[in-house]
Amino acid sequence: MRTVIYPGSFDPVTYGHLDVIQRAARLFDRVIVAVAESERKQPLFTLAERLDMVKRAVKAIPNVEADAFTGLLVDYVKRRGAAAVLRGLRAVSDFEFEFQLALVNRKLNDKFETIFVTPKETYTFLSSSVVKEIARLGGDVSCFVPPHVCKALARKFGFDKQPKHPH
Ligand code: ADP
């Protein structure tokens, strides 16, 4: 059984992440979406909220599961017996960081590979940060994230309340 781990902050999960997950689900027996604590990035959503959003988003894909992890990715990969780590590459701008990360992880443990998947072109401009910025300003993000994530963003930014005195 070949397992791949897709680590990330998923703050929050987007259709770009889900595109990568669906492609990986066709290549591997099992995909574990591993939500990182990412404390240093000061995420908008708590680890539990991010995990819950990912869980709901992948519910319908049989060989995909979601989990949370803290600490070093290489330790987590070993613990779960995975053969590879999956990362998404949107553009050249992602490359330098991802390349460095892959090589550092190999230095820490050379028993697994990092595999890169490119999303559908329509998602190459999409990032969790862009989604948060639009949602913060009250914009519509329904074409970027699943409905339950849309609702969570509206709640977070206080756009979920109906105006008391609509004109
Ligand atoms: P991290 O904080 O680890 O970068 P992210 O949740 O931002 O976590 O991203 C996790 C992985 O998914 C990264 O490899 C990132 O490049 C990739 N990714 C993010 N958005 C997209 C997208 N729209 N299309 C493809 N890959 C993406």
Nearest heavy atoms of Leu18 and Pro146, plus distance in Å: CD1-CG, 3.8 Å

For the student: nearest non-hydrogen atoms of Val20 and Pro119, plus distance: CG2-CB, 4.4 Å

Could you walk me through whether Phe97 and Arg87 pass side chain to side chain contact (heavy atoms under 4.5 Å, CB included), step by step? CA-CA 11 Å; Phe97 175 73; Arg87 295 288 286 178; 4.1 Å; yes

Is it the case that over 12 heavy atoms from other parts of the model lie below 6.0 angstrom from the CZ atom of Phe157? yes

Single-linkage hydrophobic cluster Val13~Phe45, side-chain heavy atoms < 4.5 angstrom: yes

Show your working on salt bridge (charged side-chain N to carboxylate O under 4.0 Å, His left out) between Arg90 and Glu121 and close with a plain yes or no. CA-CA 8 Å; Arg90 284 161 292 192; Glu121 321 77 77; over 6 Å; no

Given side chains that start at C-beta, do those of Pro43 and Arg50 come closer than 4.5 Å, heavy atoms only? yes

Do the non-hydrogen side-chain atoms of Arg30 and Arg80 ever get within less than 4.5 Å of each other? yes

Using side-chain heavy atoms (C-beta onward) and a distance below 4.5 Å, is Lys111 in contact with Lys78? no

Going through the distances and angles, do Phe159 and Leu137 end up as a side chain to side chain contact (heavy atoms under 4.5 Å, CB included)? CA-CA 9 Å; Phe159 288 109; Leu137 300 169; over 6 Å; no

Quick one: does Leu44's side chain get under 4.5 Å of Leu153's, heavy atoms only? yes

To the nearest 0.5 Å, what is the distance between OG1 on Thr118 and CZ on Phe116? 10.0 Å

Leu73 and Val85, any side-chain heavy atoms less than 4.5 Å apart: yes

What distance do Ser142 atom OG and Tyr15 atom OH have between them, rounded to the nearest 0.5 Å? 8.0 Å

Could you check whether any side-chain heavy atom of Asp29 comes within less than 4.5 Å of a side-chain heavy atom of Thr3, counting everything from C-beta outward? no

Taking the inter-plane angle between the rings of Phe10 and Tyr6 on a 0 to 90° scale, is it parallel (under 30°), tilted (30 to 60°) or perpendicular (over 60°)? perpendicular

Would you say Val117 ends up clustered with Phe28 if hydrophobic residues are merged whenever their side chains have heavy atoms under 4.5 Å apart, either directly or through other cluster members? yes

Out of curiosity, does Val35 fall in the hydrophobic cluster containing Leu72 (side-chain heavy atoms, cut-off under 4.5 Å, transitive links)? no

Got a second to check how far Tyr123's OH is from Thr14's OG1, nearest 0.5 Å? 8.5 Å

Could you walk me through whether Val33 and Asp67 pass the side chain to side chain contact (heavy atoms under 4.5 Å, CB included) check? CA-CA 6 Å; Val33 185; Asp67 191 14; over 6 Å; no

Got a second to check how far Asp110's CG is from Asn105's CG, nearest 0.5 Å? 11.5 Å

Does the pair Arg23/Asp19 count as a salt bridge with the N-to-O cut at 4.0 Å? yes

When you compare the side chain of Gln22 with that of Val64, does any pair of heavy atoms fall below 4.5 Å? no

Testing the basics here: between Val141 and Ala135, what is the closest heavy-atom pair and its distance to 0.1 Å? CG1-N, 4.1 Å

Kindly work out whether a path of hydrophobic side-chain contacts (I/L/V/M/F/W/Y, heavy atoms less than 4.5 Å apart) joins Leu103 to Leu108. no

Show your reasoning for whether side chain to side chain contact (heavy atoms under 4.5 Å, CB included) applies to Ser127 and Lys132. CA-CA 9 Å; Ser127 70; Lys132 282 182 279 190; over 6 Å; no

Does this structure show an ion pair linking Lys55 with Glu65, if we count only N-O contacts that are shorter than 4.0 Å? no

Quick one: do Ile134 and Met53 end up in the same hydrophobic cluster if we chain Ile, Leu, Val, Met, Phe, Trp and Tyr together by side-chain heavy atoms under 4.5 Å apart? yes

Roughly how far, to the nearest 0.5 Å, is the CG atom of Asn63 from the CZ atom of Arg26? 10.5 Å

Are any non-hydrogen side-chain atoms of Glu98 and Leu89 less than 4.5 angstrom apart? yes

Which heavy atom in Ser128 sits nearest to a heavy atom in His17, and how many Å separate them? OG-CE1, 3.4 Å

So, does His148 use its side chain to make a donor-acceptor pair with the main chain of Arg56 at under 3.5 Å? no

Heavy-atom nearest pair, Tyr76 first then Ala34, reads CE2-CB, 3.7 Å

If you compare all heavy atoms of Ile61 against all heavy atoms of Ala25, which two are closest, and at what distance to 0.1 Å? CG2-CB, 4.1 Å

Pairwise distance OG1(Thr114) to CD1(Ile5) - rounded to 0.5 angstrom: 11.0 Å

